[in-house]
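Okay, so here's the structure we're looking at.
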Amino acid sequence: MTTATGTRTLTLREIGPAERGTRPEEVVIALSPAFGDPFTKTIVDVPHAEVIRQLLAGIEEQGGVARTIKVYRTADLAAIAHFGAKLSGSGIAVGILARGTTVVHQRDLARLSNLELFPQAPLLDAEVFRMIGANAAQYAQSRSPRPVPTRNDQMARPRWQAKAALLHLKEFECIDHARAAVEVEPVITRVD
Amino acid sequence: MRPPLVVGVDVGNSTTEACAAEVDDAGPTRLASSLTPTTGVKGTPANAAGVVTAVRKALEAAARPGAVVDTVLLNEATPVISGLAMETISETIITESTMIGHNPETPGGEGLGVGTTVALAELGGQDGPVVVVVGAGADFDDVAHALNRAVEAGVDVVAAVLHGDDAVLVANRLTRPVPVVDEVAAVDRVPLGMLAAVEVAPPGRTIRTLADSYGLASTFALDAEQTRQVSPVARALAGTRSAVVVRTPEGDVTDRRIPVGSLTVSGATRSIDVGVDEGAEAVMAAIGRVAPLQDVSGEPGTHVGGMLAAVRDTMVDVTGQPAAEIRIRDVLAVDTMVPVTVQGGLAGEVSRENAVALAAMVRTSRSRMQAVADEVAAALGCDVRIGGVEGEVAVRGALTTPGSAVPVAVVDMGGGSTDAALLDRDGRTVAVHVAGAGELVTKLIDSELGLDDREAAESVKRHPLAKVESFFHVRHEDSSVQFFDEALPPHVFGRVVTVTPEGLVPVPVRRPVEAVRTVRREAKRRVFVVNALRALAQVAPQGSLRLLGSVVLLGGSALDFEIPAMVADALAPHGVVCGIGNVHGTEGPRNAVAAGLVDAHAAALVAP
């Protein structure tokens, strides 16, 4: 597995309103209101640039295509991911919160259901994001990926709960009910 | 006063069946039947618990729970116990890391690149074509950048071999496209400074040059003798989408037969030694030559010896007979292919190796049904009688199938053994038991699909397959499509599933539905069709299937959705009427022995 050398920054360049895609193999990456801006890293300091880079790499390695959207009206992961899935040409979306919590969703599923859920953000690193991207691309191609092994750490909750709550409140403050979701182009720049 | 209540009970390898009836001078009046899993090994005292359960269930089904049973009839369980074993008989060994022949899901680029192996860190200044070897931990952006820079500096990079799953990512970022093979777990063992060839085929194709002996000869400029030596490499690479071959002074790929030992098959007059590594056909031919089989023994200290010893040990436990008295009366050998990790492989390559599965059947001189009978009598407080040879009773039960007539043959396809019996016009019956039935099919499916999960294999055996194509529709194995009003559960999305009465169950394989279906049908054909023909030939007059008349299929496997049709198809050319038993027109292929026991008991009462 690859680990990044050097530092990279993420800029989300707005393209226009988030619209429904038509490519049958596409995966939508749906970002939460605070993702990339103002937050720049997850709860365990994985840079958002790396999260996006690995998700996109996973999708590309499997021969898929991706579109990224940013949602402003809610910070509820299920809602973000399901919204993304409904815009996805394949019906598959990866929803992700600024603190790192991730879900793979499909448009025909109930909103609170999911294909794969990664609820413990502190356990998600670059390697896991790569596998999540790869699996999402395979679902979009009607293949049967083996689910990404979910890690579990009994201590994650007590250790990280306070920080997670704070990050959630911060993200909540970024919600803008007046702002519709937009399609963005992730621009990753290397700065070293 | 009610007539006496009689319950016939048939203890089988996997299920215990009961049939409750009231018997008076006018004959039996059947009340109900029941089915429960057999407890313990057939013919052992542990069966008693299952028998009691079956009797109670039958009484409940007859709406007479707790009724006083007058007599319980037990079958003389044929003391047939089967054992199973599987041994791989071929293996592929790679020495000096000369070859990587695996199917990473996503190799990058296309074509063939031949050059000298160089580590990424050493790249720069080389003359001549190079194959870059990239170790663990490299980032795809960095690798692509380094390769592009080297090409700009004049190095002729013709291919790359990667540790991580990055081939497409790297290939997409190269200014000059080259074939890239990835997911090579032991990339650090690839010899450096050696001539190597990397080939990646387009999607949906397999490699051509490296999978061909003369292709290898042209690539590496080999003479005739060297070409002969590398031909196993070519064969080992056939069918893969990408491969790497490194030419080292001593490197080799060998495809060798594993000595698994030989079987000594003894008949009445002579015995023959046959090596199990010669394959199933040779074993079955040897058994045919010595027929009737008296005993089989394995070469001590070999895999086969160990396997047969295990069967004997089980039998010693079951019967209490000394090991020396136990005779193996039938063996079914089946060729199979199992996925095995290649020794010396660098990318966890798996090759499909030949294996032989053996089902052995042991017959003992005495069974311990009397012990079962005593326990059942104590538990139910009634008279328990043991009677009837299984074959005869089964024929009697089968004859109640509407449309069947004497002469009739039955084939009872159970879990451990396949039994055949014939009732001729003179009222004589002959019965045989041959090794191999449902359990062997499950084992074949399990190993051929590499499931390593008996439950999953059992599910594949019992139910048709489908592929979940969306949350609202599945495509069945016959390519018909079924839609659902409610979304299917997420865990089956995109998967190959078995269609069970309880719903869709995912099968943990990455192969398409068609491949799984072929494995399933082949396993059934090699066990049930082969055994049905083999067993019927033994009971048929003069060994001729044409003289059989009608054949009734019984046992749990006769309920299978395709086995009866496969057996009927195989018998059709012999002009035999073959169908699924329907005992008393209501019970289907089940309960033949239990119902037959009751009928025999009633007949004995009427005509003493």
Side-chain angles (χ1 to χ4, degrees), chain A residues 1-8 24 49-50 53-65 78 81-82 85 90-92 103-117 126-127 130-131 133-148 188-190 192, chain B residues 104-108 120 134-146 162-173 180 182-183 185 203-204 467-475 483-497 506-513 516:
Chain A
M1 194 59 230
T2 56
T3 47
T5 52
T7 338
R8 291 175 173 89
E50 194 58 18
R53 201 172 77 96
Q54 294 295 351
L55 280 175
L56 291 174
I59 294 166
E60 181 184 342
E61 177 68 23
Q62 297 298 327
V65 288
H82 199 234
S90 68
I92 301 291
V103 68
V104 182
H105 221 309
Q106 206 272 0
R107 68 164 165 247
D108 294 331
L109 284 171
R111 202 167 70 172
L112 290 180
S113 183
N114 62 74
L115 283 174
E116 289 187 54
L117 173 65
E127 192 180 334
R130 169 76 77 92
M131 291 191 276
N135 271 16
Q138 292 183 59
Y139 285 122
Q141 297 162 10
S142 308
R143 283 154 65 193
S144 332
R146 201 160 291 157
V148 176
I188 295 162
T189 331
R190 191 158 164 172
D192 56 351
Chain B
E105 290 215 0
T106 51
L120 182 65
V134 182
D139 183 77
F140 58 91
D141 273 328
D142 299 346
V143 173
H145 187 63
L162 313 180
H163 174 269
D165 183 9
D166 297 331
V168 174
L169 293 164
V170 170
N172 284 352
R173 284 162 181 71
V180 184
D182 64 354
E183 292 183 75
K467 162 99 179 176
V468 178
E469 296 195 330
S470 83
F471 277 108
F472 294 102
H473 83 283
V474 303
R475 186 171 296 274
F483 290 89
F484 296 87
D485 292 335
E486 284 184 25
L488 296 166
H491 70 272
V492 300
F493 182 69
R495 289 181 197 283
V496 172
V497 293
V507 182
V509 288
R510 311 196 74 169
R511 295 212 229 161
V513 168
V516 180

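In the text below, chain A, chain B and the rest are named by the order of the sequence lines, each starting its count at 1. Scope of the values below: all heavy atoms of this structure, side chains included, with no hydrogens, waters or symmetry mates.
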Taking the side chain as C-beta and beyond, is there a heavy-atom pair between B:K467 and A:S144 under 4.5 Å?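 B:K467 vs A:S144: side chains touch.
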Evaluate the criterion side chain to side chain contact (heavy atoms under 4.5 Å, CB included) for residue pair A:E61 and B:E105; output intermediate values, then yes/no. CA-CA 9 Å; A:E61 177 68 23; B:E105 290 215 0; over 6 Å; no
Gap between atom CG of B:D139 and atom CZ of A:R53 - 0.5 Å precision: 4.0 Å
Which distance, rounded to the nearest 0.5 Å, do you find between the CG of A:L115 and the CZ of B:F493?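 One finds 5.5 Å between CG of A:L115 and CZ of B:F493.
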Would one find more than 12 heavy atoms of other residues, nucleotides or ligands at under 6.0 Å from atom CZ of A:R143?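 Correct, the count exceeds 12.
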Under a 4.5 Å heavy-atom cut-off, does chain B meet the side chain of [X], its backbone, both or neither?
| X | answer |
| --- | --- |
| A:R107 | neither |
| A:E116 | neither |
| A:I92 | side chain |

Report which part of [X] has an atom under 4.5 Å of a heavy atom belonging to chain A: side chain, backbone, both, or neither.
| X | result |
| --- | --- |
| B:A171 | neither |
| B:R510 | side chain |
| B:R173 | side chain |

Ion pair A:R130/B:D165, N-O distance below 4.0 Å: no
In terms of heavy-atom pairs under 4.5 Å with chain B, which of A:S113, A:A134, A:A57, A:P147 leads?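 The option with the most such pairs is A:A57.
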Backbone N or O of A:P145 within a donor-acceptor pair of the B:R495 side chain at under 3.5 Å?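 Flag set: sc B:R495 to bb A:P145 pair under 3.5 Å.
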Take B:D141 and A:R190, measure what salt bridge (charged side-chain N to carboxylate O under 4.0 Å, His left out) needs, and give me the verdict at the end. CA-CA 11 Å; B:D141 273 328; A:R190 191 158 164 172; over 6 Å; no
